[in-house]
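This report refers to the structure that appears directly beneath it.
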Amino acid sequence: MAVKLAHKPAEAGVDWEALVARRDALRLRKNALLTTLLVFTLLAVITYKGASTISWEFLTTPPREGMSAGGIGPMIRGSLLLMLGTFLLATPLGIFGGVCLAEYGDRSRIRRFMHASVAALAGTPPIVYGLFGLAIFVLKFQFGVSLLAGWCTLTLFSLPVIVLTTEAALKTVPEGIINGGLALGLSRWQTLWRLALPYAMPGIMTGVILSLGRAAGEAMPVLFTASIYYASTFPALSWESLRQPVANLPYYLAEGYRQPGVVPEHLIWGACLTLIVLVLLLNVGAIVIRTRARRRYL
Amino acid sequence: MIAAMTPTTTKTVIQTVDLSVAYNGKLALKAVNAQFYENTVTALIGPSGCGKSTLLRALNRLNDRIPDAVTQGKVLIDGKDIYARGVNLTRLRREVGMVFQKPNPFPMSIFENVALGPRLHYGLRGRALEEIVEDALRKAALWDEVKDDLKKKSGLALSGGQQQRLCLARMLAVQPRILLMDEPCSALNPISTQEIEELIVELGKQYTVIVVTHNLQQAARISQYTGFLM
């Protein structure tokens, strides 16, 4: 991006445009560097503090001695369970919502209102979802504090982002492809299902994974709806488990930190690192899906 | 508009009766009465913005997709008004195929591009489907160039001229009778243009072809009849 001023003949005077462009490029690079540096410092500190704790035993065994020793196996399993159910519930619902927003009633006031509402929901603080889940799923539907209530709450929490990314991804489908499908005599539904959705799928899946990553790291939505802190065993999985609370990483971090002296610091750092790596893996997965899909299309 | 100035004994396939199209209340096409003949190439020429493409898109009702488009008058295909109530759009567009100004292959393999239509419309699979794909690609003079990596290569990986012939093949695979082409060569280089033009002449022997062009020489080279819009 940097412009080489040396090649400008001297009599041309000062090339202000080039100077400004160079200044902007430098500023941009400086800011990018600063942000990256911050993130890496954060990662470095957490890795430094947490890496020594990580071991196979730490990742797979339950806590011992009243949470003061042992591993975080049940928390990891609980987080994975919460994410799996949320993925299965939120993906179809979110894509359906995005399709409705993108394809139907394009000019109507209702559509614009819906879009604005979903965008507002995407920015709603996680604690609001947690309280809503408590009021509706835990109490009203009598799911109790349970895996099921956690799935429902996290699904609501992830939905807006999935709906919006689906809508945005469908908007990027070239008009030529839609027209081509319709001109072949495909119905609107076939054009959507066979042409538009496959074209938009990499973008949609990126949105799904990113919103799952966000859901995986949030303690607030599961705080009142699904979480248990004291988990010293792996409870067997059955239909009954749906109605029982689960341990999970964000809640373990929040609660473990709040009770100083009970959970030793190195366990907290270890769990912190585990959660970050989990979310990072999800994000890397999203990038891989996107680049591979892009390559496939050309 | 005056279409088909030469009197003829050929059978009329399409007839428009006082066809008008307005976008957003602005008239794009005003009371067009035109006829298009069976197994004949008709070129539509005229200055840009005169409604050539609008007329073309009125013939397969692709204007329906534009929210503010209003169509009046009739388009008779074999004497039946395609704007009448209860007309099946899928059946209509199967009869009346279309290729666009910019080649628009689907982001899938060459085979899938051509196979999509017949598979969805006629439920073809296996051998029958492969035959229809080969036949369509041969008619579009593309078979020899793509037969080796039919199912591996993406339609988007072809050159511009090849992409346009792929779109022709895709259209032919659903067995239309009428072919609409909206400036099919305007995005192509001279060599590809010549190849497409030769194809149009060839297709004109078996299909009713209507080609929009802004090139008078091209109209002279490829068409038996020319409609002039202004």
Side-chain angles (χ1 to χ4, degrees), chain A residues 95 99-115 166-206 288-298, chain B residues 53 56-57 59-68 88-109 112-122 152-158 163-164 166-167 169-176 179-182 187:
Chain A
I95 293 178
V99 166
C100 289
L101 268 187
E103 293 287 310
Y104 292 99
D106 206 21
R107 294 170 306 155
S108 71
R109 219 173 287 172
I110 299 175
R111 198 206 73 89
R112 253 177 293 162
F113 176 72
M114 296 280 283
H115 179 91
T166 302
E167 188 196 12
L170 282 173
K171 290 254 158 82
T172 66
V173 178
E175 195 68 358
I177 289 185
I178 307 288
N179 275 333
L182 293 174
L184 272 187
L186 306 195
S187 66
R188 199 172 173 179
W189 169 249
Q190 286 170 328
T191 309
L192 175 73
W193 189 248
R194 300 282 180 152
L195 298 173
L197 269 183
Y199 187 93
M201 207 32 101
I204 295 175
M205 284 326 283
T206 309
V288 168
I289 285 182
R290 205 169 37 190
T291 40
R292 278 185 61 172
R294 239 187 237 148
R295 218 175 300 148
R296 199 184 45 164
Y297 281 129
L298 207 106
Chain B
S53 296
L56 210 61
R57 292 164 64 98
L59 302 181
N60 67 348
R61 288 188 59 175
L62 208 60
N63 284 328
D64 284 22
R65 190 172 136 66
I66 301 164
D68 294 307
N88 182 331
L89 279 185
T90 292
R91 204 168 296 161
L92 168 71
R93 289 172 184 161
R94 238 155 50 183
E95 292 263 290
V96 187
M98 188 175 207
V99 289
F100 298 81
Q101 193 168 349
K102 207 170 151 244
N104 57 350
F106 300 140
M108 45 182 84
S109 72
E112 281 304 314
N113 260 284
V114 185
L116 185 69
R119 184 187 286 141
L120 291 181
H121 289 320
Y122 310 116
K152 267 179 265 153
K153 197 168 181 177
S154 161
L156 291 169
L158 298 170
Q163 287 191 3
Q164 196 61 298
L166 178 63
C167 294
R170 188 173 76 189
M171 164 177 75
L172 296 174
V174 294
Q175 318 293 326
L179 313 181
L180 309 176
M181 305 187 190
D182 191 355

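Throughout, a chain's letter reflects where its sequence line sits, starting with A, and its residues are numbered from 1.
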Open item on the list: What part of B:Leu116 gets within 4.5 angstrom of chain A, counting heavy atoms only: side chain, backbone, both, or neither?
Closed with: side chain

Open item on the list: Quick check on B:Arg170 against chain A: is it the side chain, the backbone, both or neither that has a heavy atom closer than 4.5 Å?
Closed with: both

Open item on the list: How about CZ on A:Arg194, more than 12 heavy atoms from neighbouring residues, nucleotides or ligands closer than 6.0 Å, or not?
Closed with: no

Task: Straight-line distance of A:Asn179 CG to B:Lys102 NZ, nearest 0.5 Å - done: 11.5 Å

Task: Top contributor to chain A interface from B:Leu180, B:Val96, B:Leu62 [non-hydrogen pairs under 4.5 Å] - done: B:Leu62

Task: More than 12 heavy atoms from other groups under 6.0 Å of CZ on B:Arg91 - done: no

Open item on the list: For the OG1 atom of A:Thr191 and the CG atom of A:Leu184, what is their distance to the nearest 0.5 Å?
Closed with: 8.5 Å

TODO: Please flag which part of A:Leu195 lies under 4.5 Å from any non-hydrogen atom of chain B: side chain, backbone, both or neither.
DONE: side chain

Open item on the list: With chain A as the partner, which of B:Thr90, B:Asp64, B:Asn88 has the greatest number of non-hydrogen pairs under 4.5 Å?
Closed with: B:Thr90

TODO: Could you look at B:Val99 and say if it's the side chain, the backbone, both or neither that has a heavy atom under 4.5 Å from chain A?
DONE: neither

Open item on the list: Within the structure provided, determine whether B:Val114 and B:Leu172 are in side-chain contact (heavy-atom separation under 4.5 Å).
Closed with: no

